[in-house]
Amino acid sequence: MDKISALQKRELFTEYLTRKGHRKTPERYAILDHVCAINGHFDVEMLYQSLEGANFHVSRATLYNTIELLVDARLLVRHQFGTQGVQYECAEKAAGHFHLVCSHCGRIQEYKDLALRASVLSKKFTKFTPEYFSMYIFGLCSKCKYALKRKEKKEY
């Protein structure tokens, strides 16, 4: 998704809510504005705490339901990094990078490679039209790799 303004995101969300027959509540738009202002990944509990800290009170049920609507509207992307809980990211921010996930400690590092991205986006598929993609590369971060090597040396 290309860079779009907050107003355009609101318009896309309004179109989605109208098309699906959902109510257009101030809470839903406040949550949209808040999640799109977050840099990086977040989970629902982190979002709840952030909203509470900003003196915006909303039930967790409203939060979960709105997050699902935003995912369905393609304004948010849902990530499942290994065994970690579900995390989310604004769709336009997710489009420009890949994720390196340490399978030992769970650390997530964002990685940009314009040539790889262009290669994936230019790929043609038979009887399939891609809308977006994400890539997760699992392995060991340098800290865990170093720690595991030290542990192996001590065992011998």
> Does R107 use its side chain to pair, donor to acceptor, with the backbone of L140 at less than 3.5 Å?
Replying inline: no
> Got more than 12 heavy atoms from elsewhere within 6.0 Å of NZ, K149?
Replying inline: no
> Is I137 reachable from V120 through a run of hydrophobic residues whose side-chain heavy atoms are each under 4.5 Å from the next?
Replying inline: yes
> Under the salt bridge (Lys or Arg N to Asp or Glu O under 4.0 Å) criterion, do D33 and K9 qualify, and how do the steps go?
Replying inline: CA-CA 9 Å; D33 293 340; K9 289 175 192 168; over 6 Å; no
> Is there a side-chain contact between V35 and L76, using heavy atoms and a 4.5 Å cut-off?
Replying inline: yes
>> Apply side chain to side chain contact (heavy atoms under 4.5 Å, CB included) to residues E52 and V58 and explain how you reach the verdict.
In response: CA-CA 8 Å; E52 286 289 315; V58 64; 5.9 Å; no
> Does the T66 side chain pair with the main chain of L63, one donor and one acceptor, at a distance under 3.5 Å?
Replying inline: no
>> Any donor-acceptor pair under 3.5 Å linking the side-chain atoms of D72 with those of Y16?
In response: yes
> In chain order, what residues pass the ring-ring contact (aromatic ring centres under 6.0 Å, His included) check against H79, with sequence neighbours excluded?
Replying inline: H41, F81, H99, Y136
> Do we get R60 above Y48's six-membered ring, with its NZ or CZ under 6.0 Å from the centre and within 45° of the axis?
Replying inline: yes
>> For a side-chain hydrogen bond (donor to acceptor under 3.5 Å, both in side chains) check, start with the C-alpha distance between Y29 and T14, then their side-chain angles and the critical distance, and finish with the verdict.
In response: CA-CA 9 Å; Y29 288 102; T14 299; 2.6 Å; yes
>> My understanding is that only one of E68, E89, Q87 makes a side chain to side chain contact (heavy atoms under 4.5 Å, CB included) with R78; could you say which?
In response: E68
> Do L7 and E11 touch side chain to side chain, with heavy atoms closer than 4.5 Å?
Replying inline: yes
> Should Y146 and F138 be counted in the same cluster of Ile, Leu, Val, Met, Phe, Trp and Tyr side chains packed under 4.5 Å apart?
Replying inline: no
